[in-house]
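The structure under discussion appears below in the form of structure tokens.
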Protein chains: 2
Amino acid sequence: MAKAQTTTNVVSFAQSSTACKKCSLHVMCGGEGAQGRSVFSQKSCGHNGRVIDRGEYLFRQGDRMQALYVIRSGTVKATISASDGTEQVIRFYLSGDVVGLDALGEQRHVSSAQALETTSFCRFALAEIDEGCARAPSAVRQFMRIAGEELAHEEQHAMLISQRDAEQRMAMFLLQLSEQYGRRGYSDREFNLHMSRQDVASFLSLAVETVSRIFTQFHVNGLLKVERRHIRLLSLEKLREVVGVPAGALPAGKSQHYAQGLN
Amino acid sequence: MAKAQTTTNVVSFAQSSTACKKCSLHVMCGGEGAQGRSVFSQKSCGHNGRVIDRGEYLFRQGDRMQALYVIRSGTVKATISASDGTEQVIRFYLSGDVVGLDALGEQRHVSSAQALETTSFCRFALAEIDEGCARAPSAVRQFMRIAGEELAHEEQHAMLISQRDAEQRMAMFLLQLSEQYGRRGYSDREFNLHMSRQDVASFLSLAVETVSRIFTQFHVNGLLKVERRHIRLLSLEKLREVVGVPAGALPAGKSQHYAQGLN
DNA sequence: CGGTTTTTTGAATATATTCAAATTGAGTGG
DNA sequence: CCACTCAATTTGAATATATTCAAAAAACCG
């Protein structure tokens with residue numbers, strides 16, 4: 001189950017230079033110049049690339065932190081298990097996501113990260129990151145940015161999860177996935193779930209049965225077609241209605257916030 | 001409601017040098033030396049100190065980020081409001097906590113931060129932080145640490161919230177507060193809630209009525225004495241039992257994690 | 001193809017919510 | 001200082017929603 005495969009190369013790392021330019025840890029990768037980012041665009045970052053099979057772990061809860069990871073392709077789920085044994089999925093990572101940030105605090109991973117399918121990723125050793133930050137001030141900034149995004153993401157997820165009912169959570173989950181796939185150039189209407197119903201249930205804090213029921217309910221109501229792991233969204237609009245958000249949700253806050261007193 | 005008070009000084013900033021040494025953004029404060037931390041111990045960091053009254057905001061959701069804040073004394077609640085108007089408390093900050101990290105991503109605050117009582121804090125302008133990071137490599141590391149802790153905290157909270165029932169959440173909430181107060185030198189058995197029942201309910205994703213009911217339930221069962229906002233915990237042990245965690249919970253992960261394949 | 005796991009479906013139950021109303025407390029102005 | 005209003009909290013009863021238990025069906029694995 002946990003044997004490294006050396007033969008199969010799911011992703012060609014050679015062709016990755018364009019993808020690398022969009023990588024959020026790109027600045028950590030190579031080059032010694034502080035300013036010109038264009039320096040990096042010539043380099044392939046593939047030297048960091050690795051692949052793991054489904055079921056294998058990037059790291060486990062409690063492990064001493066050694067690196068950060070950026071997903072190139074595949075899907076990873078992050079889980080936290082409490083001392084009483086209960087385990088919960090707290091996040092799914094797709095390509096482009098940075099994994100492992102939560103360990104920056106105590107230098108130990110608070111969650112486990114497991115591949116749900118064959119997954120390729122880049123590994124950034126802590127030392128590399130330190131170097132990168134020391135070399136380029138922009139790296140520090142970039143790093144802060146990533147951490148902030150992750151934090152904001154987490155807060156918003158917590159908010160969404162706990163305030164909505166089962167239907168809304170499911171709709172939200174699907175819309176989120178749709179958006180993520182869309183942003184990465186895949187179809188936002190049709191995709192495969194790489195996670196089990198159990199995983200989805202855990203992520204949304206629902207019972208497996210409930211997840212199953214709502215899938216069929218959505219299917220019956222014509223919101224989507226579901227066949228095993230294959231999902232085809234028939235109406236993003238209706239899904240959005242289910243979530244209960246009339247206009248734009250998270251994407252852009254067009255609210256009219258007033259000025260604060262002192263700060 | 002939002003007038004700055006110039007007369008009252010709740011906290012003497014002069015006496016704060018010892019507290020400052022423990023501040024997690026201490027390294028950002030003054031001094032130009034890169035290494036010797038002892039340099040800073042002489043300085044009072046009070047020059048950053050500010051005070052706001054109950055009800056005032058540190059910042060509001062959507063505001064452009066200008067600074068990070070460290071609470072010196074008082075209580076702050078962070079809320080997120082969705083586009084449909086629903087608002088949720090996502091966190092309470094006490095003295096020593098760093099507020100505003102979630103804005104590091106998009107440079108805009110994802111949540112609002114409002115004082116629940118007269119609150120004093122230090123303000124670290126973004127520029128200061130950049131400087132600090134540029135000056136001292138340790139500052140970068142420290143910063144990463146804070147961000148990581150915050151992230152881990154958020155993940156664990158999400159985990160706890162969503163997997164437990166109302167009683168467990170309440171017990172958890174009280175134990176958490178108890179621990180936080182204890183860590184800060186206050187009594188961990190007796191304290192005042194600076195947040196309303198509504199705030200607690202929102203934070204735990206429960207109805208106000210449920211919070212109220214469980215308070216009285218705990219009271220009747222002898223777990224605590226509650227009178228309005230004043231809480232006196234009579235049995236931390238029983239509260240822990242309610243949460244359902246036999247041994248140690250979050251504090252230290254004594255689990256036997258195995259080595260990962262490659263990483 | 002047989003054994004095992006995952007997923008789906010059904011029915012009963014439980015838990016927290018909602019609605020409604022009473023009570024308490026805080027703040028204000030006379 | 002007291003009466004008053006308004007907001008927060010508590011309590012009760014009915015309801016609703018998701019869970020649990022149980023079992024069948026479908027998919028997966030070797």
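Each chain gets a letter, A, B and so on, in the order the sequences are listed, and its residues count up from 1.
- The side chain of A:Thr216 approaches C:dT9 more closely than any other nucleotide in the set C:dA16, D:dT11, C:dT9.
- With hydrogens and angles disregarded, no donor-acceptor distance shorter than 3.5 Å links the side chain of A:Gln114 to the backbone of A:Ala78.
- Rounded to an integer number of Å, the gap from CD of B:Gln217 to C1' of C:dT15 is 12 Å.
- Rounded to the nearest 0.5 Å, atoms CE (B:Met65) and CZ (B:Arg108) are 12.5 Å apart.
- Using a 4.0 Å cut-off between a side-chain N of Lys or Arg and a carboxylate O of Asp or Glu, B:Glu209 and B:Arg213 do not qualify as a salt bridge.
- As rounded to whole Å, 15 Å separates atom C1' of C:dT13 from atom CG of B:Asp165.
- What separates CZ of A:Phe215 from P of C:dT6 is a distance of 16 Å, to the nearest Å.
- Across residues 218-232 of chain A, A:Arg228, A:Arg229 each have a non-hydrogen atom less than 4.0 Å from an atom of DNA chain C (numbered order).
- When the P atom of C:dT24 is taken as reference, atom CZ of B:Arg197 falls 15 Å away, rounded to whole Å.
- Distance CG/B:Leu224 to OG/B:Ser178: 11.0 Å, rounded to 0.5 Å.
- Using a 4.0 Å cutoff on non-hydrogen atoms, the parts of residues 200-213 of chain B near DNA chain D are B:Glu209, B:Ser212, B:Arg213, ordered by number.
- One interatomic measurement links the two molecules: CD of A:Gln198 to P of D:dT19, which rounds to 11 Å at whole-angstrom precision.
- In this structure, CZ of A:Arg164 is placed 17 Å from C1' of D:dT17, rounded to the nearest angstrom.
- No salt bridge links B:Arg184 with B:Glu179; every basic N to acidic carboxylate O contact stays at or beyond 4.0 Å.
- Comment: B:Lys77 engages B:Asp199 in a salt bridge, judged by a side-chain N to carboxylate O separation of less than 4.0 angstrom.
- In this structure, B:Arg54 places its CZ atom 11 Å from C1' of D:dA7, rounding to the nearest Å.
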- Take A:Arg197 and A:Phe215, measure what side-chain contact (heavy atoms from CB on, under 4.5 Å) needs, and give me the verdict at the end. CA-CA 10 Å; A:Arg197 296 286 192 269; A:Phe215 263 130; 3.6 Å; yes
- Message: side-chain contact (heavy atoms from CB on, under 4.5 Å) for B:Arg169 and B:Leu206? Distances and angles first, verdict last.
- Response: CA-CA 9 Å; B:Arg169 292 187 206 179; B:Leu206 297 172; 3.9 Å; yes
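- At a threshold of 4.5 Å between non-hydrogen side-chain atoms, the residues A:Val200 and A:Phe173 count as touching.
- Following rounding to the nearest Å, A:Asp199 (CG) and C:dT5 (P) show an atom-to-atom distance of 16 Å.
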